[in-house]
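Inspection log for the structure reproduced underneath, given as structure tokens.
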Amino acid sequence: STVAANLAVSLAKLGYKVGLLDADIFGPSVPKMFQVEDARPVAENIGGRDLIVPIEKYGIKLLSIGFFVDPDRGGMASNALKQLIGDADWGELDYFLIDLPPGTSDIHLTVVQTLALTGAIVVSTPQAVALADARKGINMF
């Protein structure tokens with residue numbers, strides 16, 4: 001999350017249009033990092049569709065699954081994630097960053113199946129178990 005947030009801010013400072021989606025249902029931290037914990041994104045009719053309007057901070061369009069989904073109802077997370085990707089008014093972006101939870105879960109599979117990814121950054125600690133998870137993630141992407 002720290003890497004994703006700092007990368008988003010750095011890209012925005014360079015003049016790029018950046019969207020950051022926090023897809024970590026069990027530990028959404030982007031709202032806290034950007035000091036928007038109390039924000040409640042709203043839907044707006046745009047072009048005949050009701051689209052979620054991301055929160056904007058530091059020139060970055062932000063959405064977090066934590067704004068919408070109760071962590072105890074994880075099964076709904078994949079559907080919610082698809083909505084945050086496809087039913088939000090992201091506008092034209094140069095970079096769309098997605099902060100994923102650790103490991104390889106349904107959330108990761110949803111992202112891989114929903115978007116045509118052009119890159120992935122996998123962050124790990126040096127412990128053997130963490131590196132094994134990181135390798136799984138790299139292979140998945």
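- Transitive grouping of hydrophobic side chains (ILVMFWY, heavy atoms separated by less than 4.5 Å) keeps V129 and L131 in distinct clusters.
- Remark: side-chain polar atoms of K61 are paired, donor with acceptor, to backbone N or O of W90 under 3.5 angstrom.
- Between L115 and I98 the shortest side-chain heavy-atom distance falls below 4.5 Å.
- Using a 4.5 Å heavy-atom cutoff, the side chains of F67 and L84 are not in contact.
- How far CG of L100 is from CD1 of I107: 8.0 Å, rounded to the nearest 0.5 Å.
- Heavy atoms only, all atoms of each residue included: G59 and A12 are closest at O-CB, 4.2 Å.
- Distance check: N45 CG to D89 CG gives 11.0 Å after rounding to the nearest 0.5 Å.
- Hydrophobic clustering of Ile, Leu, Val, Met, Phe, Trp and Tyr side chains at less than 4.5 Å, counting indirect connections, unites F141 with I121.
- The structure places CE of M33 at 8.0 Å from CG of N6, a figure rounded to the nearest 0.5 Å.
- Both V112 and L21 belong to a single network of hydrophobic side chains, linked directly or stepwise wherever heavy atoms of I, L, V, M, F, W or Y lie under 4.5 Å apart.
- Annotation: the span from L63 atom CG to L81 atom CG amounts to 10.5 Å, rounded to 0.5 Å.
- In this structure, V122 shares a hydrophobic cluster with I138, the cluster being traced through Ile, Leu, Val, Met, Phe, Trp and Tyr side chains under 4.5 angstrom apart.
- Note that CG of D99 is 8.5 Å distant from OG1 of T2, once rounded to the nearest 0.5 Å.
- Looking at D87, its side chain never comes within 3.5 Å of a backbone N or O of I52 through a donor-acceptor pair.
- Contact check for D24 versus S29: no side-chain heavy atoms found under the 4.5 Å cut-off.
- Contact between A23 and I65 at its shortest, heavy atoms only, is C-CG2, 3.9 Å.
- Of all the heavy atoms in L109 and M140, the pair that sits closest is CD2-SD, 3.9 Å.
- In plain terms, the two heavy atoms of A5 and L20 that are nearest each other are CA-CD2, 4.2 Å.
- When the side chains of ILVMFWY residues are joined at heavy-atom separations under 4.5 Å, either directly or via intervening members, V9 and I55 end up in a single hydrophobic cluster.
- In the hydrophobic cluster analysis, where Ile, Leu, Val, Met, Phe, Trp and Tyr join through side-chain heavy atoms closer than 4.5 angstrom, L93 is grouped apart from L51.
- Considering NZ of K57 and CG of L62, their distance stands at 9.0 Å, rounded to 0.5 Å.
- Residues forming a side chain to side chain contact (heavy atoms under 4.5 Å, CB included) with Y16 (at least two apart in sequence, or on another chain): L11, L14, V18, D94, Y95.
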